[in-house]
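Okay, so here's the structure we're looking at.
These numbers were taken from a predicted model, which means no experiment stands behind them. Numbering of residues begins at 1 and proceeds along the displayed sequence.
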Amino acid sequence: MPSLTQRVLARVPQGVRPHLVRHRRLVKFLLVGSGCFVLTLLINYALRLTVLERKPVVALTAATAVGTAVSYLLNRRWSFRSSWRRREPLLFLLVSAAAIAVNVLPLIASRYLFDLREPWVSPVTQELADFLSGMVLGTFVAMLFRFWAMQRWVFTRTEQPGGVRVGGAGPQPGPQPGPPLGARVRSAEAGAGERDA
């Protein structure tokens, strides 16, 4: 039976399919991120409309932390197909803490630097500014940071569908590096000298 990914790809137009397959890690990361964005949005507004009505930065931070935990599980098992390493959770925690800070910085600037809050603006303007700065701009910048940092530091050893590990220590499949540049230059100079003689 074909997997969910294979069934979805079968419905995608033929011209788009190769691009999705080539960038499948990014596509999966974006799908996980979209789901976690909705989860974060729901938790954020549930907290802001109930117990954290006067603390929007705390509400967004808590919602982002929950979304980040779900993101770790989904990205590790699906987007990056990572084989577990002992320090992976710690690295993920550090990257995520930095990403949460990146995520809330636009909201902090909107609220406390530009004073887009009551009583200086209307409640509707305040909520719109909070949504655009915290949920849209903050999430977008944090997403870019997370994708780069996750590939760079956290999920460096990935598994291919057959369970084969790629990355980390050991020989890598594909073309092997040639001799150092200096050796190639010397070899080319020697060849040129022989032709001149």
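In this structure, OG in Ser79 is found 9.5 Å from CG in Leu26, a value given to the nearest 0.5 Å. The distance from the CG atom of Asn103 to the CG atom of Leu137 is 9.0 Å, given to the nearest 0.5 Å. Within the model, atoms CZ of Arg17 and CD of Gln14 stand 4.5 Å from one another, a figure rounded to the nearest 0.5 Å.
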| said: Please determine whether side chain to side chain contact (heavy atoms under 4.5 Å, CB included) holds for the pair Leu60 and Arg48, giving the CA-CA distance in whole Å, both sets of side-chain angles, and the decisive distance to 0.1 Å. | reply: CA-CA 8 Å; Leu60 181 60; Arg48 287 187 62 177; over 6 Å; no
| query | Is there a side chain to side chain contact (heavy atoms under 4.5 Å, CB included) between Asn75 and Met150 once you walk through the steps? | reply | CA-CA 9 Å; Asn75 278 318; Met150 294 299 170; 5.7 Å; no
| query | Between Asp130 and Gln126, is a side chain to side chain contact (heavy atoms under 4.5 Å, CB included) present by the stated rule, with each step listed? | reply | CA-CA 6 Å; Asp130 286 354; Gln126 172 184 294; 3.9 Å; yes
| Chi angles and distances behind the side chain to side chain contact (heavy atoms under 4.5 Å, CB included) call for Val154, Glu88 | CA-CA 6 Å; Val154 181; Glu88 181 181 281; 3.8 Å; yes
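When atom types are taken as modelled, the side chain of Thr50 and the backbone of Ala46 share a donor-acceptor pair closer than 3.5 angstrom. Distance alone, capped at 3.5 Å, is enough to place a donor-acceptor pair between the Thr68 side chain and the Thr64 backbone. One N or O on the side chain of Arg7 and one on the backbone of Pro2 form a donor-acceptor pair closer than 3.5 Å. Looking at Arg146, its side chain never comes within 3.5 Å of a backbone N or O of Met143 through a donor-acceptor pair.
Contact of the Met135 side chain with the Leu41 side chain is registered, since non-hydrogen atoms from C-beta on lie closer than 4.5 Å. The side-chain heavy atoms of Thr40 and Thr139, taken from C-beta on, include no pair separated by under 4.5 Å. Between Leu9 and Leu20, the closest side-chain pair of non-hydrogen atoms falls below 4.5 Å. Side-chain contact between Leu74 and Lys28 is absent, with no heavy atoms from C-beta onward closer than 4.5 Å.
Screening residues 125-146 for ring-ring contact (aromatic ring centres under 6.0 Å, His included), with sequence neighbours left out, gives no hits. Applying the side-chain hydrogen bond (donor to acceptor under 3.5 Å, both in side chains) test to every pair with at least one member in residues 113-123, sequence neighbours left out, gives these pairs: Asp115-Arg117, Ser122-Thr125. Sequence neighbours left out, not one pair with a member in residues 39-58 passes ring-ring contact (aromatic ring centres under 6.0 Å, His included). Listed by first and then second residue, the ring-ring contact (aromatic ring centres under 6.0 Å, His included) pairs involving residues 91-114 are Tyr72-Phe92 (not counting sequence neighbours).
The nearest pair of heavy atoms linking Gly67 to Cys36 is O-SG, 3.5 Å. Nearest approach of Ala129 to Ser110, heavy atoms of both residues: CB-OG, 3.7 Å. Of all heavy-atom pairs spanning Leu116 and Val121, the tightest one is C-CG2, 3.6 Å.
Checked against Val66 for a side chain to side chain contact (heavy atoms under 4.5 Å, CB included), the options Asn44, Leu42, Ile43, Leu47 give a single hit: Ile43.
In this structure, Ile100 is not a member of the same hydrophobic cluster as Val70, with clusters built from ILVMFWY side-chain heavy atoms closer than 4.5 Å. By the rule that hydrophobic residues join a cluster once side-chain heavy atoms approach within less than 4.5 Å of another member, Val38 and Leu31 end up as members of separate clusters. Placement of Val124 and Leu49 in two distinct hydrophobic clusters is found when ILVMFWY residues are connected by side-chain heavy-atom separations under 4.5 Å, directly or transitively. A single hydrophobic cluster is seen to contain both Val12 and Val21, as judged by linkage of ILVMFWY side chains at heavy-atom distances under 4.5 Å, directly or through other members. Under a hydrophobic clustering in which Ile, Leu, Val, Met, Phe, Trp and Tyr are joined whenever their side-chain heavy atoms come within less than 4.5 Å, directly or via other members, Val102 and Leu113 fall into different clusters.
Counting non-hydrogen atoms of neighbouring residues, nucleotides and ligands closer than 6.0 angstrom, the CZ atom of Arg22 exceeds 12 such neighbours.
When hydrophobic side chains of Ile, Leu, Val, Met, Phe, Trp and Tyr are connected at separations under 4.5 Å, Leu94 ends up clustered with Leu90.
Residues meeting the ring-ring contact (aromatic ring centres under 6.0 Å, His included) test with Phe147, sequence neighbours left out: Phe29.
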